[in-house]
Protein chains: 2
Amino acid sequence: MKLSTKGRYGVMAMVNLALYDHEGQVALKQIAEHEGISESYLEQLIAKLRKAGLVQSIRGAQGGYKLAKSPNEISVGEILNALEGILAPVQCGDNVNCCHNSSCKVKPVWEKIHTAVNDVVFSIYLSDLIKE
Amino acid sequence: MKLSTKGRYGVMAMVNLALYDHEGQVALKQIAEHEGISESYLEQLIAKLRKAGLVQSIRGAQGGYKLAKSPNEISVGEILNALEGILAPVQCGDNVNCCHNSSCKVKPVWEKIHTAVNDVVFSIYLSDLIKE
DNA sequence: TTATACTTGACAATTTTAGTCGGAAATGGT
DNA sequence: ACCATTTCCGACTAAAATTGTCAAGTATAA
Ligand code: FES
Ligand code: FES
């Protein structure tokens, strides 16, 4: 039930982008330095965020990244979903990590956890995190 | 944010024990067969549950395991804590998986997730899972 | 005493994580 | 036109965690 660095770094990077949102794009190098993260690694993460439509890239010299939407339109849930996949403790029905038992008694537990986590992360927006 | 098989198998095994609670102890072999789990692997898991005081072992021939408390005194949270550790997405302050940033903006997010998950798992008891 | 079953610890295959690396493509500045 | 900068892409890798397996030993009921 731990988050990997993908999700952790990703949210950190997005907060960073939100902080510098008003002054145009920010180079990946800057973010990596600010957060003390490997730049090469962050590259992979932000690629996913771009494909998810959360950030926008400007190529070439003086290029960089910026948020694709306003900070109050991007939730932590979207970020984590893009990087970590579905936030369920068990994904029932994927026929490998599930019990294959028709009278499964614990499935409701996994579902409740999933719902509770989603309720939290989809109700917190970047704008909530950058104001003090 | 996925649960490992430790937690999943552990809860399944505990439900199984709760179902047969009235007829004394159950051999590990039985549980393993019922749930389709490796017996040798389950051995390690139930050892942790025993050390956590959730199950009780009866050694010798015709021995086995039984719940150490009544099903309505054992929550899913206790089981998962024993097997997976603290159920927080990020453990701030363990000085390795944390941001070391005094002005961390995301810590409240991790804390809210942790609280939400705990609220769910510590409010579901084995007795809730075995009735119907 | 003998069979059953718990207990412990070492070992190993597989998968995931957490990066690294090299180069290609785009673009603004000179 | 050229060059420095920066994104983009794919392959590769070391380390760690996961998911077991196995063998030997201990306790106890029958
Ligand atoms: S664990 Fe998914 S249905 Fe039982
Ligand atoms: S992530 Fe733990 S304090 Fe920032």
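Letters A, B, ... mirror the listed sequences (proteins, then strands); counts begin at 1. We use all heavy atoms of the structure for the numbers below, so side chains are in, but hydrogens, waters and symmetry mates are not.
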NZ of B/Lys29: more than 12 outside heavy atoms within 6.0 angstrom?
-> no
OH of B/Tyr41 to OG1 of B/Thr5, rounded to nearest 0.5 Å, is 3.0 Å
Determine the contact category for B/Ile58: base if any of its heavy atoms lies under 4.0 Å from a base atom, sugar-phosphate if only primed atoms, P, OP1 or OP2 are that close, otherwise nothing.
-> sugar-phosphate
Take the protein atom CD of A/Gln30 and the nucleotide atom P of D/dT6, then report the distance between them rounded to whole Å.
-> 7 Å
How about A/Glu78 and A/Phe122: do any of their side-chain heavy atoms sit closer than 4.5 Å?
-> yes
Whole angstrom is fine here: how far is it from CG in B/Leu42 over to P in C/dC6?
-> 10 Å
Nearest of C/dG19, D/dA4, C/dA5 to any side-chain atom of A/Tyr9?
-> C/dG19
Any B/Arg50 side-chain N or O less than 4.0 Å from OP1/OP2 of C/dT8 = yes
Could you list the protein-to-nucleotides 22-26 of chain D atom pairs, N/O on both sides, closer than 3.5 Å?
unit_1	atom_1	unit_2	atom_2	d
D/dT26	O2	B/Arg59	NH2	2.7

Verify the contact: side-chain N or O of A/Tyr41 to OP1 or OP2 of D/dT13, cut-off strictly under 4.0 Å; return yes or no.
-> no
Rounded to the nearest 0.5 Å, how far apart are CD1 of B/Ile86 and NZ of A/Lys2?
-> 7.5 Å
Quick one: on DNA chain C, does A/Gly60 or A/Thr5 contact a more 5' nucleotide (nearest heavy atom)?
-> A/Thr5
Whole angstrom value for the distance that separates P of D/dT7 from NZ of A/Lys66 | 14 Å
Per the side-chain contact (heavy atoms from CB on, under 4.5 Å) rule, which among B/Leu80, B/Asp128, B/Val76 passes with A/Val109?
-> B/Val76
Using a cut-off of 4.0 Å on non-hydrogen atoms, how would the nucleic acid contact of A/Ile46 be classed: base, sugar-phosphate, or nothing?
-> nothing
side-chain N/O A/Ser57 vs D/dC8 OP1/OP2, d < 4.0 Å = yes
Please check the phosphate of D/dT21 (OP1 and OP2 only) for any side-chain N or O of B/Ser38 closer than 4.0 Å.
-> yes
May I ask you to evaluate whether B/Ser4 reaches the phosphate of D/dA17, defined as a side-chain N or O under 4.0 Å from OP1 or OP2?
-> no
5'-most contact on DNA chain D (nearest-nucleotide basis), B/Leu3 vs A/Glu39, goes to A/Glu39
